[in-house]
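Data first, discussion second: the structure below is written as structure tokens.
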Amino acid sequence: MDAALLCDDIAVLDESIQAFEDLVPATASVEDYREAWDTIEDAYQVVVADREALAEQSANSLADAHDDLSTAVAELPDDANMVDAVADLQPEIDALRTAHDSVTIENECIEL
């Protein structure tokens, strides 16, 4: 696995997480959040495909954080108040961001 390619894949995941975080709860719908989640999911799957290049602990932390946010987004009621829902999702979003940052630092993708 080429380190530059891994860094590129991690950058795409970073951008998708940021887009999710940038949604405005007062104006975004549940569907907006689910679409943003789908983008994270796609980027995550690419990073997972590169998993051999990741240290096992960081990969597991990233996988756990991904799975937790996946479950939380899937469980959002269709009529959820997004201001409240985002507050409820924040611990999972923060955990995914932390796990992502750990992988980024570990793989020296410092330009992210």
Side-chain angles (χ1 to χ4, degrees):
M1 157 62 38
D2 178 72
L5 180 58
L6 176 59
C7 289
D8 289 346
D9 293 343
I10 292 171
V12 171
L13 178 58
D14 178 62
E15 291 167 6
S16 64
I17 294 168
Q18 188 62 54
F20 189 97
E21 292 175 324
D22 287 347
L23 288 171
V24 177
T27 59
S29 67
V30 171
E31 186 60 29
D32 292 332
Y33 277 88
R34 288 186 176 144
E35 287 176 9
W37 167 251
D38 289 342
T39 302
I40 290 173
E41 177 66 19
D42 292 343
Y44 169 79
Q45 292 302 328
V46 171
V47 171
V48 168
D50 300 339
R51 189 176 188 146
E52 300 81 39
L54 302 176
E56 193 63 31
Q57 183 177 2
S58 292
N60 289 339
S61 294
L62 185 61
D64 291 346
H66 161 270
D67 293 348
D68 291 346
L69 184 56
S70 175
T71 298
V73 170
E75 292 176 351
L76 285 174
D78 290 336
D79 61 348
N81 173 306
M82 290 314 301
V83 172
D84 295 337
V86 168
D88 292 342
L89 291 173
Q90 198 60 52
E92 289 85 0
I93 294 167
D94 291 345
L96 184 59
R97 170 62 63 200
T98 298
H100 164 272
D101 290 349
S102 174
V103 170
T104 301
I105 291 166
E106 177 177 310
N107 288 285
E108 300 181 14
C109 303
I110 56 175
E111 68 275 2
L112 298 179

Trace of the side-chain contact (heavy atoms from CB on, under 4.5 Å) decision for Leu96 with Ile17: CA-CA 8 Å; Leu96 184 59; Ile17 294 168; 3.8 Å; yes

Pair Ser61-Asp64, side-chain contact (heavy atoms from CB on, under 4.5 Å): steps then yes or no: CA-CA 5 Å; Ser61 294; Asp64 291 346; 5.8 Å; no

side-chain contact (heavy atoms from CB on, under 4.5 Å) evaluation trace for Leu89 with Glu21: CA-CA 10 Å; Leu89 291 173; Glu21 292 175 324; over 6 Å; no

Worked check of side-chain contact (heavy atoms from CB on, under 4.5 Å) between Asp101 and Arg97: CA-CA 6 Å; Asp101 290 349; Arg97 170 62 63 200; 3.5 Å; yes

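Taking 4.5 Å as the limit, some side-chain heavy atom of Leu62 sits within range of a side-chain heavy atom of Val47. Tyr33 is listed as a side-chain neighbour of Val86, based on a closest heavy-atom distance under 4.5 Å. Two residues are said to be in side-chain contact when any heavy atoms from C-beta on lie closer than 4.5 Å; Leu69 and Glu41 fail this criterion.
Among all heavy-atom pairs drawn from Glu92 and Asp88, the shortest one is OE1-O, 3.2 Å. Of all heavy-atom pairs spanning Ser16 and Ala43, the tightest one is OG-CB, 3.8 Å. In terms of heavy-atom proximity, Pro91 sits nearest to Ala87 at CD-O, 3.8 Å. Contact detail for Ala36 and Leu23: the closest heavy-atom pair is CB-CD1, 3.8 Å.
A distance of 12.0 Å separates CZ in Phe20 from CD in Glu35, rounded to the nearest 0.5 Å. For the atom pair Glu15 CD and Ile10 CD1, the distance stands at 12.5 Å (nearest 0.5 Å). Atom CG of Asn81 sits about 11.0 Å away from atom CG of Leu76, to the nearest 0.5 Å.
In this structure, Tyr44 and His66 have parallel ring planes: the angle between them is below the 30° cut-off, well short of the 60° mark.
Looking only at distances, a side-chain donor or acceptor of Asp32 sits under 3.5 Å from a matching main-chain atom of Ser29.
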